[in-house]
Participant: 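I have a structure I would like to understand better, so I am pasting it below and will then ask my questions one at a time.
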Amino acid sequence: MPMTRRDFGILLRGAAALCAAGALSGPALGRPVRKTPYGAALALADLKADPRLGEAIAATCDAIVAVTEMKWSDLRPRPGEFAFDKADELAAFARVNNLAMRGHTLVWYAVMPDWTNQIANAAEAERVLTEHIETVMARYRGTVRSWDVVNEAIPDAVRGVGDRRPTIWSRHLGERYLPLAFKIAARTDPAAELVLNEYDVEFGDTRCRTKRAAFRNLVHQLLDAGAPLHAVGLQCHLRGGMPVDREGLAAFVAEMRGLGLKCLVTELDVIDQKLPGPAAALDQAVASQVDAVLSAATAGGPLDMLMTWGLSDRYSWIPYSYPRRDGLPNRPLPLDRDFRRKPFMDVIDQFTS
Ligand code: 9MR
């Protein structure tokens, strides 16, 4: 039976009462005690439709991040207006279940509402960007303590280390929008952890090596510009079967730590489209690729946070973007479609405990 709005309200109110009574802490919920917090991306519609999902998150995770609910697409229907309902419901779920919440994402080239194309000049762009970051961060101050300030600033088909993705902001402000976003964020919530998040920096092919070099170049560019950057986020959407560049990734993480930055894995899952079945073999291949990337990323010490992009195979973007062609359902996440643990979950436990 899908959960109704009323059921969901009862869940929230019941949890709030427990929380107020001090009964709802991680270990009290039977959650594993971890040295590195572990979390998962969660979509409100899935949470409401399937009570098993909320239960699994509360029993397994220390943190959540909204799949889309804190993006411009969802928050900004019209200029000057904010639609916080869905993000608020996820934030409430996090609070009553004693989960941390990451914010994703204040600046991203993708899923921008059409009205942002009407922004006419640099002054207006700076005003709109400032209004957005200030309003959103202020609303979730105290709940969201770690923000992806800028997401995916490097182009997919990267040509060199100085390559940056064109966005509505670079169109009007040039590359100065990048340090500017971090400065606005730090001013708005000085206690927040400010993260630069990127994908396809984990592998050893020429494109990914160049992307990692461009990511490194951008980190230095931001620090040189005095941007308050605190952490790098490695998304880790792993391409099944593509070898992880263990040495290159370990060296990158070591360099970031040497610069005083934290290192987070923010969106881990495995694109299993081309991995051979049957399910058991597939699960082993997925787990071994996760093990490879986490071994490299933790070579110099534990991660500061580990998040997967979803928890159960039932709720993942991968079947939509990378469907398998052999009839076997995609198996990209730590729990299967029926919320049973897979070897992926054992690897998560190993690298977080
Ligand atoms: O998984 C997300 C999908 O449901 C959304 O439609 C899409 C656009 O909002 O974003 C996906 O999440 C992406 C994340 O925000 C940034 N890194 C890549 C993720 C997968 O595409």
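Order of appearance sets the numbers: ligands from 1, and atoms from 1 within every ligand.
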Participant: Report the nearest protein non-hydrogen atom to atom 4 (O) of ligand 1: residue, atom name, distance rounded to 0.1 Å.
Facilitator: Val67 CG1, 3.7 Å
Participant: If the cut-off is 4.0 Å to any non-hydrogen atom of Glu152, which atoms of ligand 1 fall inside it?
Facilitator: 16 (C), 17 (N), 18 (C)
Participant: Are Phe351 and Tyr38 close enough that their ring centres sit under 6.0 Å apart?
Facilitator: no
Participant: Show the atoms of ligand 1 that are less than 4.0 angstrom away from any heavy atom in His104.
Facilitator: 14 (C), 15 (O), 16 (C)
Participant: Can you list the ligand 1 atoms lying under 4.0 Å from a non-hydrogen atom of Gln235?
Facilitator: 17 (N), 18 (C)
Participant: Among Trp317, Tyr199, Tyr322, which residue meets the ring pair (Phe, Tyr, Trp, His ring centres under 6.0 Å) test with His237?
Facilitator: Trp317
Participant: In ligand 1, which numbered atoms sit nearer than 4.0 Å to a non-hydrogen atom of Thr68?
Facilitator: 5 (C), 9 (O)
Participant: Can you list the ligand 1 atoms lying under 4.0 Å from a non-hydrogen atom of Trp309?
Facilitator: 1 (O), 2 (C), 12 (O), 14 (C), 15 (O), 19 (C)
Participant: Quick one: look up the protein heavy atom nearest atom 17 (N) of ligand 1 and list residue, atom name and how far away it is.
Facilitator: Glu267 OE1, 2.6 Å
Participant: Of the side chain and backbone of Thr105, name the one, both, or neither that has a heavy atom under 4.0 Å from an atom of ligand 1.
Facilitator: neither
Participant: Under 6.0 Å between the ring centres of Trp169 and Tyr109?
Facilitator: no
Participant: Have a look at Lys71, Glu69, Met70 and point out the one with the heavy atom closest to atom 11 (C) of ligand 1.
Facilitator: Lys71
Participant: Under 4.0 Å from any heavy atom of Val111, which atoms of ligand 1 are there?
Facilitator: 8 (C), 9 (O)
Participant: At the 4.0 Å heavy-atom cut-off, does Trp108 count as touching ligand 1?
Facilitator: yes
Participant: Can you list the ligand 1 atoms lying under 4.0 Å from a non-hydrogen atom of Asn151?
Facilitator: 16 (C)
Participant: Which of parallel (below 30°), tilted (30 to 60°) and perpendicular (above 60°) describes Tyr140 and Phe84?
Facilitator: perpendicular
Participant: Quick check on the 6.0 Å ring-centre criterion: do Trp309 and His104 meet it?
Facilitator: yes
Participant: Please check if the number of heavy atoms outside Arg314 that lie under 6.0 Å from its CZ is greater than 12.
Facilitator: yes
Participant: Among Asp85, Asp189, Asp88, which residue meets the salt bridge (Lys or Arg N to Asp or Glu O under 4.0 Å) test with Arg139?
Facilitator: Asp88
Participant: Counting only heavy atoms not in Glu131 (residues, nucleotides, ligands), do more than 12 fall under 6.0 Å from its CD?
Facilitator: yes
